[in-house]
Q: 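Pasting a structure here, questions to come.
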Amino acid sequence: MKGRLACAVLMAPFFLLLVTVFLIPTGTAIWLSFFAQDQPGLGFGPESTVFVGLRSYVAVLSDPTFLGGLVTVILYCLIYIPLMVVGALTLALLLDSGVAKLRSWAQMGLYLPHAVPGIIAALIWLYLYTPGLSPIIDLFAKGDIHINFLGINTVLPSIVNIALWSNLGYNMVIFYAALQAVPREVLEASVVDGAGPVKQALRIKTPLVRGAIVTVGIFTLIWALQLFTEPVLLSQSTPMISARFSPSMYIYDAAFTRNNYGLAAAASVILLAFTVALSYGVTRWTNRKAA
């Protein structure tokens, strides 16, 4: 009885936060998605809230701008997630191997960009991407290399670069902590068997931190699907980023520009369902591969 009581007390804060910040907002969004503001007659009467059923969901799923934003964020994930996972794991393996000197300073230097708020990071890179202001563009121009970082073919890689700069060090720390838990006797045995540093990293260390790799991959996926801050700030300097560039920007535009909260709620629920389904699929796939 005492054990159950202690368990309940320890779990209570988690369930309180779960209900407060997830279940209640999700339930509210689902409820709002079934309603809309309507005006009787020719549109001159007072607005009233009416039940519209699945009309908002049909409107979102038939809107090419929402579907285009979904395609954009999927492309963003396909570029960003592999670069993030492979890059962070490579840095962690280098630090763990002892190749890097001043290991603690290297960790701090790589982690430092994550301590910069996302808005500030986007503003820094917006300055570096803007022609006439960027010293990088001026340096390339002196070598007769002209790059438009905010062009139609480069704007998505530019956003990926900002996200990598901000989050690579954070995920590197997670991988490095997982590598520290690898039994040293296993590594010593692999050295006795003739495994070099590269083979040891690929064949021994990486499989043993598979759980951390899956966790980082899933959380990176969830974060990437909510792409918002970087394109919103970069949209001030390029017409290549519209107000509905990503699903999150579509939701913001529907709620605060068009004042259509039912549409915004429906788009939020669809994005949540897509994120949950994709995360579940990735989890099942990785578990099957492990089995």
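Computation of the quantities below employed the complete heavy-atom set of this structure, encompassing side-chain atoms and omitting hydrogens, waters and symmetry-equivalent molecules.
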Q: Looking just at side-chain N and O atoms, do Y57 and S33 make a donor-acceptor pair shorter than 3.5 Å?
A: yes
Q: Checking S97 side chain against L94 main chain: does a donor-acceptor pair fall under 3.5 Å?
A: yes
Q: Considering all heavy atoms of both residues, which atom of A267 and which atom of F66 are nearest to each other, and what is their separation?
A: CB-CE1, 4.0 Å
Q: Name every donor-acceptor pair, under 3.5 Å, that has one atom in a side chain of residues 7-18 and the other anywhere in the protein, sequence neighbours excluded.
A:
none

Q: Would you check if V86 and T90 make a side-chain contact, meaning some heavy-atom pair closer than 4.5 Å?
A: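 The answer is yes, as the side chains (C-beta and beyond) meet within the 4.5 Å cut-off.
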Q: Would you say the side-chain atoms of S62 pair up with the backbone N or O of A59, donor to acceptor, closer than 3.5 Å?
A: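 Yes, because the side chain of S62 sits within donor-acceptor range (under 3.5 Å) of the backbone of A59.
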Q: Is the side chain of T286 donor-acceptor paired with the backbone N or O of T283 at a distance under 3.5 Å, no angle test?
A: yes
Q: Please identify each residue that fulfils salt bridge (charged side-chain N to carboxylate O under 4.0 Å, His left out) with R258, with sequence neighbours left out.
A: D253
Q: Say whether, by atom type as modelled, one donor and one acceptor occur between the side chain of S235 and the main chain of S242 under 3.5 angstrom.
A: no
Q: Could you tell me if the side chain of W223 sits less than 4.5 Å from the side chain of N167, heavy atoms only?
A: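 When only atoms from C-beta onward are counted, W223 and N167 do touch, with a gap below 4.5 Å.
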Q: Decide yes or no for Y129 and N148: does some side-chain heavy atom of the first lie under 4.5 Å from some side-chain heavy atom of the second?
A: no
Q: Do side-chain atoms of S246 reach the backbone of V73 as a donor and acceptor pair under 3.5 angstrom?
A: no
Q: For L133, is there any backbone N or O sitting under 3.5 Å from a side-chain donor or acceptor partner on T130?
A: no
Q: Just by modelled atom types, is the V182 backbone N or O under 3.5 Å from a matching donor or acceptor in the R184 side chain?
A: yes
Q: Within the supplied structure, the quantity of interest is the number of heavy atoms (other residues, nucleotides, ligands) at a distance under 6.0 Å from Y170 OH; does it exceed 12?
A: no
Q: Side chains of F219 and I174, heavy atoms from C-beta outward: is any pair under 4.5 Å?
A: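 Counting from C-beta outward, F219 and I174 never come under 4.5 Å.
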